[in-house]
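Reading through the structure tokens given below for one structure.
In this chain, numbering begins with 1 at the start of the sequence shown.
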Amino acid sequence: MTDKPAASPADPSRAKGRIKYAARRRMLGRILDRRLAAIDTGLCLPGALPARGIYRILVIRPNHRLGNTVLVTPLLKELETLYPGAAIDIVSAGHAGDLLLSSRFQMHRVFSFHHRIARHLPSSIKLLREMRKSTYDLAIDACSGSNSGRLLLGLSNARYKLAFAHDENTPGPLSAYEDNCPEHMALRSVHLLRMAYARAIEKPWPMLDLDLSPEEERDGARALKSIVDTIEGHADDGPVVGVFANATGAKCYPESWWAAFVSKLQKQRPQIRIVDVLAEHGNSQLPGDMAPYFSRHLRRMASVLGAMDAFISADCGVMHLAVAAGVPTLGLFSQDNMQKYAPYGGVNDAMQTRKDTLDMEAFEAAMAWIDQALEHTGKQRRIR
């Protein structure tokens, strides 16, 4: 029995199949574009959102990533301020939304879709039906450029629907939402809401905020004390700095970079107690014998981070979690996305660095920030 000859790259049947596949993709793309553009016709215009009469709100952010979930909290904070008597539902994905947001005082329900919807169609359809049974006064697509978010907005039953225009480059009444819109991903949806609101709003941007309870803060402080008590050779009252040495893909700094950074930090600031915050894989990526902390419970982790004096991390979800927990945070960026994702507000800061090697200029800038952050934290605790 002889083997069949392998199809050559020039096989006419394969080429024909690729052409058909590309044609189907183009046709589906055109159908999707028409559907998304049609949703724009029913969107709330700038200045048309009433200041009263909004009691049931739906926020749509169907993304499973930790950072993207945390980045929606400024919008939730703004809604809680503008409509303090309203109940809020949110469409999320994965587990992060339910774990982090369900305990907020005004949160009514979190619709958590599986992050791989196509593989879990029955449960996804059930959730979609439940969402469509609810009627809302306001529904917001919290992320421009998300086709899934825009389609869910179109399917929602809401009197007012709020989103950026599907085609941001096409002139029209919705293009005013782009005027002076901040680049930061946490603030774009807040700007959208403020532009739609019927009254002028002149106040600082809301911060990332998990709204930790006093009990969570006390538990986090107790847990952190137990963790740092295992560090030998340090004064019991030395400031605590958390370090998270992980990130995804190209944003991740090599272990050699962190080894050089931590070694210099320990030599120049020997009074600092460093906590090695472990990634989900549970393995330390820092040199030496530092106090480790590991948790898969996101609010518990946030409570412990919030009890620290300062926190340093590469651009990742845990960086945003630390900011939302209230600890002064320095974000390290090696990619060209700092304007979109940098920690903001208070003494939070970000710096662009090389990741192939630790240069002294970057290290000295980080040391200056640490000193500023520790001074700020000390003042805040003396006030309390």
Side-chain angles (χ1 to χ4, degrees), residues 54-61 63-112 138 140 142-143 184-191 193-194 201 203-224 242 277 295-309 311 313 317-329 341 343-348 376-377 380-381 383-384:
I54 303 295
Y55 308 115
R56 297 158 298 183
I57 300 172
L58 178 66
V59 174
I60 301 171
R61 188 65 173 101
N63 189 284
H64 71 283
R65 293 188 179 278
L66 170 60
N68 289 329
T69 301
V70 177
L71 288 170
V72 82
T73 60
L75 174 61
L76 297 178
K77 195 74 176 176
E78 189 78 358
L79 287 167
E80 291 161 353
T81 300
L82 297 181
Y83 302 108
I88 302 172
D89 289 354
I90 187 167
V91 174
S92 185
H95 302 294
D98 197 26
L99 290 171
L100 291 175
L101 306 176
S102 61
S103 62
R104 297 182 79 93
F105 183 76
Q106 288 181 235
M107 188 62 63
H108 175 252
R109 180 168 182 185
V110 178
F111 294 98
S112 293
L138 171 63
I140 304 174
C143 181
H184 201 288
M185 293 300 291
L187 301 178
R188 286 182 58 81
S189 58
V190 178
H191 170 82
L193 176 60
R194 290 186 176 187
I201 301 172
K203 59 180 180 179
W205 293 112
M207 297 276 289
L208 274 64
D209 184 8
L210 291 177
D211 199 19
L212 295 173
S213 68
E215 292 76 18
E216 287 175 314
E217 291 177 347
R218 286 195 294 268
D219 289 345
R222 282 196 294 266
L224 182 62
V277 180
S295 178
R296 285 195 173 99
H297 192 293
L298 295 178
R299 286 193 71 88
R300 194 172 298 156
M301 174 182 279
S303 299
V304 172
L305 298 183
M308 296 178 180
D309 297 290
F311 189 78
S313 169
V318 175
M319 177 192 76
H320 297 304
L321 189 74
V323 175
V327 57
T329 301
Y341 297 105
Y344 68 90
V347 294
N348 296 320
H376 171 81
T377 303
Q380 292 298 110
R381 291 183 177 163
I383 292 172
R384 294 175 190 170

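In this structure the side chain of S295 never reaches within 4.5 angstrom of the side chain of V304, judged on heavy atoms. With a 4.5 Å cut-off on side-chain heavy atoms, V72 and S189 do not count as touching. Residues M107 and D211 form no side-chain contact, since every pair of their non-hydrogen atoms from C-beta on lies 4.5 Å or further apart. Contact annotation: the side chain of I201 approaches that of L82 to within less than 4.5 Å [non-hydrogen atoms, C-beta and beyond]. By the 4.5 Å heavy-atom criterion applied to side chains, L101 and T73 are counted as neighbours. At least one side-chain heavy atom of L71 sits less than 4.5 Å from a side-chain heavy atom of L208. Contact annotation: the side chain of M185 approaches that of C143 to within less than 4.5 Å [non-hydrogen atoms, C-beta and beyond]. Within the 4.5 Å cutoff, no side-chain heavy atoms of L298 are placed close to those of L210.
The salt bridge (charged side-chain N to carboxylate O under 4.0 Å, His left out) check on D209 picks up K77, with sequence neighbours excluded. Contacts of R65 classified as salt bridge (charged side-chain N to carboxylate O under 4.0 Å, His left out), with partners at least two apart in sequence or in another chain: none. Qualifying salt bridge (charged side-chain N to carboxylate O under 4.0 Å, His left out) partners for R222, counting only residues two or more places apart in sequence or in other chains: D219. Scored by the salt bridge (charged side-chain N to carboxylate O under 4.0 Å, His left out) test, R194 finds E78 as partners (sequence neighbours excluded). Residues passing the ring pair (Phe, Tyr, Trp, His ring centres under 6.0 Å) test with Y344 are H184, sequence neighbours excluded.
Closest approach of G97 and S92 over heavy atoms only: CA-OG, 3.6 Å. The two residues G242 and M308 come nearest to each other via the heavy atoms CA-SD, 3.5 Å. Contact detail for L212 and A302: the closest heavy-atom pair is CD1-O, 4.0 Å. T329 and V327 make their closest contact through OG1-O, 2.8 Å (heavy atoms, listed as atom of the first residue, atom of the second, distance). When all heavy atoms are compared, the tightest approach of S313 to M319 is OG-CB, 3.7 Å. Nearest heavy-atom pair across P343 and N348 is CB-CB, 3.8 Å.
Distance alone, capped at 3.5 Å, is enough to place a donor-acceptor pair between the R299 side chain and the L100 backbone.
For R109, the CZ atom sits in a packed shell: over 12 heavy atoms of surrounding residues, nucleotides or ligands are nearer than 6.0 Å.
Every pair passing side chain to side chain donor-acceptor pair (under 3.5 Å) that includes a residue from residues 80-91 is listed here, sequence neighbours excluded: E80-R104, D89-H108, D89-Y136.
Checked against S112 for a side chain to side chain contact (heavy atoms under 4.5 Å, CB included), the options V91, L99, D98 give a single hit: D98.
Summarising the geometry, atom OG1 belonging to T377 is positioned 13.5 Å from atom CZ belonging to F311; distances are rounded to the nearest 0.5 Å. Between atom CG of residue L224 and atom OG of residue S303 there is a gap of 11.0 Å, rounded to the nearest 0.5 Å. Note that CD1 of I88 is 5.0 Å distant from CD1 of I57, once rounded to the nearest 0.5 Å. Expressed to the nearest 0.5 Å, how far NE2 of H95 lies from CG of L66 amounts to 13.0 Å. Atom CZ of R61 is separated from atom OG1 of T69 by 7.5 Å, given to the nearest 0.5 angstrom.
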